[in-house]
Amino acid sequence: MAARAAQIAAAKLREELQAKRSAAAPAGPFARAAPTSSAADELLDLWGGVEHEIDALEKLHDATGRTIEAWSELPAGSASSISEARELAEGVDQELGKLRGLLVRLERALKIARRVPDVTDHVETIRGFVEGWRKDAEADKQNLLVAARAVILRDPRADGAPGVGMAEIPLPVQVERALADAHVQREARSDEIAALKMLPSADERRSVAKRLLAAIDDEIRLQVELETRVKKALDGAREAGTPPTPELKNAADQLRGWGHGVAYERSRVAPLTA
């Protein structure tokens with residue numbers, strides 16, 4: 001793993017720099033080794049912060065990785081999966097911002113390292129590990145955004161080469177897609193709810209009802225989240241003095257109807273779980 005490799009290499013470089021600083025500087029006003037000793041001290045002072053940041057980022061990276069593993073067990077396309085993917089993408093984006101800042105500091109360290117014998121290659125190696133780490137995090141973010149109903153935009157960069165960026169699908173379109181998915185899921189649940197009375201045992205009826213209720217509650221969470229986001233967008237437009245778009249207003253109406261429908265469905269299933 002690039003994160004762990006960067007952490008180990010950074011600790012090793014710190015030990016080497018401490019050994020260089022502990023060496024006695026030549027005496028005399030014309031000592032040529034003095035600039036080298038000064039550069040080693042300067043790099044070591046900078047390196048303390050770099051190493052601390054690598055350690056903190058490595059812990060963040062591991063924690064996010066464990067959360068992503070747990071998220072991958074959720075049913076693909078479910079409300080919980082979509083909602084959590086969006087939150088995870090934001091977390092990975094924060095990690096990416098810190099990694100970009102770390103790469104800037106490593107560039108500064110590399111400039112100083114060129115004045116210290118035998119350490120330039122070490123700094124370049126660590127920078128390579130961090131760059132690989134950044135690319136892995138970027139791939140994680142893109143996968144999460146796709147799972148969170150985002151789209152990949154391919155736009156040319158300034159130099160003419162193809163570039164890849166991420167942009168969220170417009171909120172009204174997200175609402176339409178979520179409603180379409182919910183309609184399909186509700187039709188499937190409707191058949192199961194109708195068949196509940198035909199199940200032979202009360203325990204079996206409760207077990208199926210609990211599973212259906214969990215799916216309904218998952219849908220309610222998505223409906224509430226989207227309704228909150230649409231309301232925030234409507235309020236923001238009004239505060240800015242801009243009339244809300246017809247699509248956004250229509251999405252708000254659709255979400256209210258969805259909320260009433262799924263609440264009624266829950267009222268039918270919840271008593272059967274007792």
Verdict with reasoning, Trp133 to Glu95, per side chain to side chain contact (heavy atoms under 4.5 Å, CB included): CA-CA 10 Å; Trp133 181 356; Glu95 181 180 336; 3.0 Å; yes
If we only count heavy atoms from C-beta on, is the [X] to [Y] side-chain gap below 4.5 Å?
X: Leu272; Y: Val208; answer: no
X: Arg221; Y: Val224; answer: no
X: Val104; Y: Glu107; answer: no
X: Leu226; Y: Trp258; answer: yes
X: Thr273; Y: Arg206; answer: no

Over 12 non-hydrogen atoms of neighbours within 6.0 angstrom of CZ in Arg211: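 Yes, because the 6.0 Å sphere around CZ of Arg211 holds more than 12 heavy atoms from other groups.
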[X] and [Y]: which non-hydrogen atoms are nearest, and at how many Å?
X: Glu265; Y: Ile193; value: OE2-CD1, 4.0 Å
X: Glu84; Y: Thr67; value: OE2-CG2, 4.0 Å
X: Arg238; Y: Pro244; value: CG-CG, 4.5 Å
X: Glu176; Y: Gln254; value: CG-OE1, 4.4 Å
X: Arg205; Y: Leu199; value: NH1-O, 2.8 Å
X: Leu106; Y: Arg127; value: CD1-CA, 3.9 Å

Expected output: side-chain Thr64 to main-chain Leu60 donor-acceptor under 3.5 Å: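 At least one qualifying donor-acceptor pair exists.
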Side chain Ser267, main chain Tyr264, donor-acceptor under 3.5 Å: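 Side chain of Ser267 to backbone of Tyr264: a pair is present.
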Working to the nearest 0.5 angstrom, can you tell me the gap between [X] [atom1] and [Y] [atom2]?
X: Leu102; Y: Glu131; atom1: CG; atom2: CD; result: 10.5 Å
X: His52; Y: Ile54; atom1: NE2; atom2: CD1; result: 11.5 Å
X: Asp93; Y: Asp140; atom1: CG; atom2: CG; result: 12.0 Å
X: Arg266; Y: Leu213; atom1: CZ; atom2: CG; result: 4.5 Å
X: Gln223; Y: His260; atom1: CD; atom2: NE2; result: 9.0 Å
X: Arg105; Y: Arg108; atom1: CZ; atom2: CZ; result: 8.0 Å

Using a strict cut-off of less than 4.0 Å between a Lys/Arg side-chain nitrogen and an Asp/Glu carboxylate oxygen, indicate whether [X] and [Y] qualify as a salt bridge.
X: Arg189; Y: Glu219; result: yes
X: Lys249; Y: Asp253; result: no
X: Glu53; Y: Lys98; result: no
X: Arg86; Y: Glu225; result: yes

Candidates Glu247, Arg229, Lys232 - the one meeting side chain to side chain contact (heavy atoms under 4.5 Å, CB included) with Leu171: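 The option that passes is Arg229.
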Leu179 vs Leu255, side chain to side chain contact (heavy atoms under 4.5 Å, CB included): CA-CA, chis, key distance, verdict: CA-CA 8 Å; Leu179 280 165; Leu255 284 166; 5.5 Å; no
